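Note that the coordinates shown come from a computational prediction; the quantities given were computed from them, not determined experimentally.
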Amino acid sequence: MSILNSAVDVSAPGHVANRAALLDRLAELDAALDQARAGGGAKYVTRHHARGKLLPRERIELLVDADSPFLELSPVAAYGTDFPVGASVVTGIGVVEGVECLIVANDPTVRGGAVNPWSLAKTRRAGEIALANRLPMVNLVESAGADLPTQAEIFIPGGRVFRDLTRLSAAGIPTVSVVFGNATAGGAYVPGMSDHVIMIRDRSQVYLAGPPLVKMATGEVTDDESLGGAAMHAATSGLADYLASDERDGIRLARQCVRRLNWRKQGPSPRTAVPQPPKYDPEELLGITSADLKVPFDPREVLARILDGSDFDEFKPAYGDALVTGWGELHGYPVGVLANARGVLFSAEAQKAAQFIQLANASNTPLIFLQNTTGYMVGTEYEQRGIIKHGALMINAVSNSTVPHLTVNLGASYGAGNYGMCGRAYEPRFLFTWPNAKSAVMGPAQLAGVLSIVARQAAAARGRDYDEESDAAMRMMVEQQIESQSGALFLSGRLYDDGVIDPRDTRTVLGLCLSAIHSGPVQGAAGFGVFRM
């Protein structure tokens with residue numbers, strides 16, 4: 001065994017300052033999460049409860065097994081936009097009758113659960129996760145359909161939600177819908193395209209057009225129950241497979257459906273049935289990452305607090321030492337790890353990463369990427385040594401690797417380093433961010449400086465004097481803009497990750513994801529593209 005040693009001193013001024021800075025970011029995260037959990041606000045929550053109806057998280061709590069965890073995904077979607085935080089839908093992974101399921105629950109307290117551009121993006125991401133990881137999907141439906149003022153942004157891409165449901169079914173991944181209230185227009189196709197449909201007597205109303213629109217379109221006068229009531233769909237149209245007496249009975253029937261799926265995981269079980277916890281306190285993670293992202297930190301200190309038994313077999317430790325690579329276990333599952341140690345990636349780091357990724361694919365081992373990178377090294381010397389082709393080598397390996405990837409941004413994720421370390425564009429199975437983390441094409445000061453240099457050169461080419469005062473104002477404005485737009489909450493609000501997490505929860509979150517990943521087969525790539533040497 002290769003047990004990691006720790007040099008963390010929790011009383012050191014740097015550790016104390018780092019911890020304080022991260023706690024400030026966590027307070028911002030908690031405030032955003034409180035907004036998401038508040039739904040449409042106290043008035044609409046009270047009205048919903050007064051009608052004898054449950055809130056989406058209350059429905060989820062009854063659906064999942066008692067005392068089992070629920071990993072909420074994209075909880076601050078739409079943060080920093082004109083739409084409510086959370087995007088009027090709750091998504092996540094929970095265990096139902098012993099089966100890990102992807103759960104989607106509309107929040108009817110927010111504009112009746114209407115679908116806006118961000119709830120559409122969040123729902124689509126949930127479908128991607130279900131398909132990639134072979135997770136049965138349970139939809140808890142109560143939605144007024146499209147948010148009409150934004151229909152131009154959601155109508156055409158919105159059709160993919162229904163396509164994705166049918167593709168899950170075609171892949172042998174079951175889909176279950178419980179309709180708690182209205183499922184109107186496009187929302188009607190969610191139960192319409194699910195394998196199993198449960199409706200609630202005197203509550204569910206599923207139709208392509210409600211009575212007013214039917215009258216406008218055809219002149220017919222009808223009522224909700226005749227047009228789309230649960231009893232009608234159970235006895236006449238056949239859309240409902242089960243008719244529940246109330247919401248709790250509907251959830252009971254959903255659990256019954258999942259129990260009867262005869263569902264089996266296709267991936268291997270954990271190698272270690274009773275894994276040892278890390279030997280170091282995860283509380284110390286709050287002070288390890290630097291408050292100043294330009295100051296590097298040793299990712300081994302993070303690994304010592306998330307890997308089983310703090311046991312880590314490092315690969316090529318003396319070569320390309322700005323990137324730490326090696327093998328360990330997390331909640332009993334074997335994993336390979338790539339973690340940035342000093343920000344910049346050089347040729348040696350890129351070559352080392354490419355070889356390591358190939359080894360992980362040869363042994364069918366999932367990979368964890370811990371990002372803290374400013375990108376690949378630039379400059380004449382490094383260009384002449386082939387940094388472009390070596391960086392391409394690493395990105396090629398990441399792109400064509402087929403073992404599951406899990407990515408966590410611990411600090412910085414800038415430039416092409418984001419690509420080489422499996423950023424969102426490279427489709428990791430899951431991607432999470434620490435609250436202090438940032439991601440952009442480059443750091444704010446660097447980007448502002450580049451714009452300044454270009455402007456100076458343009459002025460010189462025209463033979464004009466350069467306005468230093470305007471330059472300073474421009475640099476300040478650009479730095480502030482990039483600082484804001486590269487922050488964790490801003491990016492998570494736009495679904496560039498699957499959630500901002502408390503560093504102390506990293507081991508638990510990754511463990512839940514690894515378990516979900518193993519619902520499907522874990523298989524390495526049979527071949528890669530052409531590696532430019």
Side-chain angles (χ1 to χ4, degrees), residues 59-60 63-65 68-74 89-106 119-141 157-179 183 186-198 239-242 250-251 253-269 333 364 366 402-406 427-431 495 498 512-523:
R59 290 167 178 166
I60 291 170
L63 176 68
V64 301
D65 294 352
S68 67
F70 177 69
L71 177 60
E72 188 168 350
L73 300 167
S74 311
V89 65
V90 181
T91 64
I93 297 171
V95 180
V96 180
E97 292 289 340
V99 177
E100 286 150 316
C101 295
L102 197 295
I103 301 168
V104 177
N106 300 117
S119 45
L120 173 61
K122 184 171 176 176
T123 302
R124 287 216 61 225
R125 175 59 184 157
E128 290 172 359
I129 290 172
L131 183 61
N133 299 290
R134 196 172 168 269
L135 299 174
M137 176 178 270
V138 180
N139 276 287
L140 307 182
V141 183
R160 294 173 181 166
V161 172
F162 316 131
R163 180 202 67 179
D164 293 348
L165 277 170
T166 62
R167 287 185 173 180
L168 284 170
S169 182
I173 302 170
T175 56
V176 179
S177 284
V178 188
V179 184
Y189 286 114
V190 174
M193 295 185 179
S194 295
D195 296 344
H196 306 269
V197 178
I198 299 156
L239 178 60
D241 302 315
Y242 304 93
I251 293 168
L253 288 168
R255 288 179 54 81
Q256 175 181 294
C257 282
V258 175
R259 183 170 66 249
R260 299 302 185 189
L261 293 177
N262 193 27
W263 192 250
R264 291 181 176 85
K265 290 193 169 196
Q266 293 183 354
S269 301
Y333 290 101
N364 302 323
T402 58
V403 295
H405 295 175
L406 292 165
E427 299 183 342
R429 297 290 185 91
F430 296 93
L431 190 157
L495 280 90
D498 296 311
L512 292 170
C513 291
L514 282 167
S515 181
I517 281 167
H518 284 78
S519 292
V522 177
Q523 185 67 48

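Within the model, atoms CE of Met193 and OG of Ser177 stand 11.5 Å from one another, a figure rounded to the nearest 0.5 Å. Of the inter-residue distances, the one linking Leu165 atom CG with Arg160 atom CZ reads 14.5 Å to the nearest 0.5 angstrom. The distance from the CH2 atom of Trp263 to the CD1 atom of Ile173 is 6.0 Å, given to the nearest 0.5 Å. Remark: Ile103 CD1 to Leu71 CG distance equals 10.5 Å, nearest 0.5 Å. Distance check: Gln266 CD to Gln523 CD gives 11.5 Å after rounding to the nearest 0.5 Å. The CD atom of Glu72 sits 12.0 Å away from the CG atom of Asp498 when rounded to the nearest 0.5 Å.
Within 6.0 Å of CD on Glu427 lie no more than 12 heavy atoms contributed by other residues, nucleotides or ligands. Around OH of Tyr189, the count of heavy atoms belonging to other residues, nucleotides or ligands within 6.0 Å does not exceed 12.
In this structure Ser169 satisfies the side-chain hydrogen bond (donor to acceptor under 3.5 Å, both in side chains) test together with Asp195, sequence neighbours excluded. Applying the side-chain hydrogen bond (donor to acceptor under 3.5 Å, both in side chains) test to Arg259 and every residue at least two apart in sequence or in another chain returns Glu97. Partners of Ser119 according to the side-chain hydrogen bond (donor to acceptor under 3.5 Å, both in side chains) rule, which considers only residues two or more places apart in sequence or in another chain, are Asn116. Checked against salt bridge (charged side-chain N to carboxylate O under 4.0 Å, His left out), Arg124 has the following partners two or more places apart in sequence or in another chain: Asp164.
Judged purely by atom type and a 3.5 angstrom limit, Ser194 has no side-chain atom pairing as donor or acceptor with the backbone of Thr175. Counting only distance, with no hydrogens or angles, the side chain of Thr166 and the backbone of Arg163 share a donor-acceptor pair below 3.5 Å.
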Using atom types as modelled, flag every donor-acceptor pair under 3.5 Å from a side chain in residues 132-139 to any protein atom, sequence neighbours excluded.
unit_1, atom_1, unit_2, atom_2, d
Asn133, OD1, Arg429, NH1, 2.8
Asn133, ND2, Ile129, O, 2.9
Arg134, NH1, Arg264, O, 2.9
Arg134, NH1, Ser519, O, 3.0

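Arg255 is not listed as a side-chain neighbour of Val258, based on a closest heavy-atom distance of 4.5 Å or more. Using a 4.5 Å heavy-atom cutoff, the side chains of Ile517 and Tyr333 are not in contact. Between Ile93 and Phe430 the shortest side-chain heavy-atom distance falls below 4.5 Å. A 4.5 Å side-chain heavy-atom check between Phe162 and Val190 finds at least one atom pair inside the cut-off.
With respect to Leu63, the side chain to side chain contact (heavy atoms under 4.5 Å, CB included) criterion is satisfied by exactly one of Ile251, Val95, Val178, Val176: Ile251.
Nearest heavy-atom pair, Gly94 versus Val64, reported as atom, atom and distance to 0.1 Å: CA-CG1, 4.0 Å. Pro191 and Val197 get closest at one heavy-atom pair: O-CG2, 3.1 Å. Taking all atoms of both residues into account, the shortest heavy-atom contact from Ser74 to Leu495 is OG-CD2, 4.0 Å. In terms of heavy-atom proximity, Ala171 sits nearest to Leu131 at CB-CD1, 4.1 Å. Heavy-atom minimum distance, Gly98 versus Asp65: N-OD2, 2.9 Å.
Among pairs with a residue in residues 167-177, none fulfils salt bridge (charged side-chain N to carboxylate O under 4.0 Å, His left out), at least two apart in sequence or across chains.
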